[in-house]
Amino acid sequence: MTVADITVALGQRAYGIHVGRGLLARAADLFAPVLKQRRVFIVTDSNVALLYLNPLSESLQAAGIQVGHVVVPAGESSKDFDQLARVLDAMLAAKCERSTMIVALGGGVVGDLAGFAASILLRGTNFIQVPTTLLAQVDSSVGGKTGINTSAGKNLVGTFHQPRLVLADTDTLVTLPKRELLAGYAEVVKYALLGDADFWSWLEENGAAATSGTEAGHAALRQCILTSCKAKANIVAADEKESGARALLNLGHTFGHAFEAEFGYDGDLLHGEGVAIGMTMAFDLSVRMGICPAADLERIRTHFTATGLPTTLPKTGRSAALTAEKLLSHMAQDKKVKDGAITFVLTKGIGKAFLTADVPPDHLRETLNSALAA
Ligand code: NAD
Ligand code: GLY
């Protein structure tokens, strides 16, 4: 049995994360320890299906594992009640049983949707994450948050349901568009900025290679994924249901989600791009509050510019209509609002994030207006 690179230590629900090349071809062996039945049902999207559904299905079938599948349209809009119903209907039509393993093959959209479906199918079935975007390999496939969006907002309906295994085949990232790779890199940077200053210094040296999409950069990219998954595994093991430290993973997200809501979810602003801009704003706000060195904000802007991460909003018709008031009203609907107060992830410097609801309104407005004017 191959030992996992990382374990998410959750007692009886502990699971392994494998990170490396050629893992789809080895899926049958890697899946074997967690399969209760030699049968799986794959959920994937229309882009990923063309690239990786056959390789994964064939490698499983060659080992005598029966494979069913359903394909949802690519894109954030598939995280909705209609696609959830379609996926559940397909699983039931295929006569999935409680012991059938559900497999999420794709990015965060597929992972969140398939994980949610698995958590409610027959009152709960097991699932495996096979993430194929960098964002999914470093963040969404680990930690068990599943869900869909509703007209009231993003990820507002869902469950905590941990996968039984995560299999991150880094070869799949070769076909990922550069813009999606960079959006995932924003989440890598997040782990460094929130709690690991040494990792940040390493990224300043190696981040450009990791995001170059070249063979030479592959080792650095794998190191980014391993370090990120270790950081996330530790946080999830300490606070699975986000009653404390896990909320630090939302660094940049309170701002980022507000921008995403205003830009829509059709590609003008990717989740990771919103997070990148949001992280610079969290540092900007911390600098304005006098708790973070301005030099750290400059290091972040320099690194983002060097790697191609955005530090300012895209210039579209939607950005022209943005106001601080609109952003504040989205932020007030954030899932992390408690007793009407927004909890922010702020920082005392690189690697030193903390949670607080105590933010001077004037400084917050200055940060918002400065982002809108940039
Ligand atoms: P995504 O799943 O939409 O994938 C991005 C695009 O890349 C899609 O068009 C997809 O078809 C395509 N794609 C995927 N793999 C590919 C590959 N290997 N080659 C070529 N194309 C490929 O987006 P994402 O950025 O992976 O995930 C974003 C989602 O993740 C959001 O819905 C967000 O809310 C969610 N998320 C969840 C968590 C969590 O903890 N559950 C954490 C962060 C983000
Ligand atoms: N992506 C945030 C979390 O998993 O908690």
Side-chain angles (χ1 to χ4, degrees), residues 8 24 43-53 55-56 71-80 83 104-116 119 129-149 153-163 166 168-188 190-191 194 213 228-229 231-233 235-254 256-257 260-261 265-267 269-275 335-336 345:
V8 183
L24 292 188
V43 182
T44 190
D45 77 20
S46 48
N47 291 336
V48 180
L50 293 174
L51 296 162
Y52 303 113
L53 182 57
L56 178 60
V71 179
V72 300
E76 185 72 28
S77 58
S78 279
K79 271 177 59 173
D80 71 356
Q83 291 303 324
L105 171 68
V109 165
V110 163
D112 283 9
L113 178 67
F116 188 28
S119 75
Q129 290 270 19
V130 184
T132 63
T133 63
L134 182 58
L135 181 138
Q137 295 193 354
V138 300
D139 189 357
S140 59
S141 65
V142 177
K145 281 189 183 174
T146 81
I148 58 170
N149 309 322
K154 215 168 125 72
N155 297 329
L156 292 181
V157 173
T159 53
F160 283 100
H161 186 57
Q162 299 293 341
V166 179
D169 186 334
T170 52
D171 282 336
T172 61
L173 301 179
V174 169
T175 52
L176 195 63
K178 175 84 179 194
R179 188 174 166 214
E180 296 286 354
L181 189 77
L182 283 174
Y185 182 68
E187 302 281 3
V188 173
K190 177 185 78 179
Y191 296 108
L194 75 86
S228 300
C229 285
K232 181 144 188 191
I235 290 176
V236 168
D239 178 24
E240 183 183 5
K241 300 266 172 86
E242 199 169 280
S243 48
R246 186 165 179 172
L248 291 172
L249 294 174
N250 297 313
L251 176 63
H253 284 58
T254 304
H257 282 158
E260 279 185 89
Y265 301 100
D266 46 13
L269 184 76
L270 300 180
H271 174 73
E273 293 170 341
V275 169
K335 283 195 291 305
K336 283 92 195 171
V345 187

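Remember, it's 1-based here, ligands and their atoms both numbered in the order they're listed.
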Inset, instruction - For residues H161 and K145, determine if any side-chain heavy atom of one lies less than 4.5 Å from a side-chain heavy atom of the other. - result: no
Inset, instruction - Ignoring hydrogens and angles, tell me if any N or O in the side chain of Y52 forms a donor-acceptor pair with the backbone of T172 under 3.5 Å. - result: yes
Legend entry - Close side-chain approach of E180 and L134, heavy atoms under 4.5 Å: no
Legend entry - ligand 1 contacted by K232 (non-hydrogen, < 4.0 Å): yes
Inset, instruction - Pick whichever of T44, N155, V48, V138 has a heavy atom sitting closest to atom 13 (N) of ligand 1. - result: V48
Inset, instruction - Classify the contact between L270 and ligand 1 as side chain, backbone, both or neither, using a heavy-atom distance cut-off of under 4.0 Å. - result: neither
Legend entry - Test side-chain contact (heavy atoms from CB on, under 4.5 Å) applied to L56 and T44, L24, L51, the passing residue: L24
Legend entry - Within reach of ligand 1, part of L173 (heavy-atom separation under 4.0 Å): neither
Legend entry - Pairing residues for L248 by the side chain to side chain contact (heavy atoms under 4.5 Å, CB included) criterion, not counting sequence neighbours: L194, V345, A353, L355
Legend entry - ligand 1 atoms in contact with Y52 (distance to a heavy atom under 4.0 Å): 18 (N)
Inset, instruction - Say whether Y265 and ligand 1 are in contact under the criterion: heavy-atom distance to a ligand atom below 4.0 Å. - result: no
Inset, instruction - Closest by any non-hydrogen atom to atom 37 (C) of ligand 1: pick that one out of L249, D112, L50. - result: D112
Legend entry - Under 3.5 Å: N/O of H271 near N/O of ligand 1: no
Inset, instruction - Could you check if a side-chain atom of E187 sits within less than 4.5 angstrom of a side-chain atom of K232, using non-hydrogen atoms only? - result: no
Inset, instruction - Report the part of K145 (side chain from C-beta onward, or backbone N, CA, C, O) that has a heavy atom under 4.0 Å from ligand 1; answer both or neither where that applies. - result: both
Legend entry - Listed partners of N149 passing side chain to side chain contact (heavy atoms under 4.5 Å, CB included), at least two apart: E76, K79, K154, N155
Legend entry - Residues lining ligand 2 [heavy-atom distance under 4.0 Å, listed by chain and residue number]: D139, K145, K232, E242, R246, L249
Legend entry - Best match, V109, V236, L176: closest heavy atom to atom 21 (N) of ligand 1: L176
Inset, instruction - State which residues pass side chain to side chain contact (heavy atoms under 4.5 Å, CB included) with V157; sequence neighbours excluded, sorted by chain then number. - result: F81, F116, I148, T150
Legend entry - N or O contact, G106 vs ligand 1, cut-off under 3.5 Å: no
Legend entry - For atom 5 (C) of ligand 1, the option (of E180, R179, Q137) bearing the nearest heavy atom: E180
Legend entry - Among N250, T175, L181, closest by any non-hydrogen atom to atom 17 (C) of ligand 1: T175
Inset, instruction - Could you see which bit of T132 sits under 4.0 Å from ligand 1, with heavy atoms only: side chain, backbone, both or neither? - result: both
Legend entry - T146 N/O under 3.5 Å from ligand 1 N/O: no
Legend entry - Backbone N/O of E240 and side chain of R246: donor-acceptor pair under 3.5 Å: yes
Inset, instruction - Examine ligand 1 and decide if any of its atoms is less than 4.0 Å from a heavy atom belonging to E187. - result: no
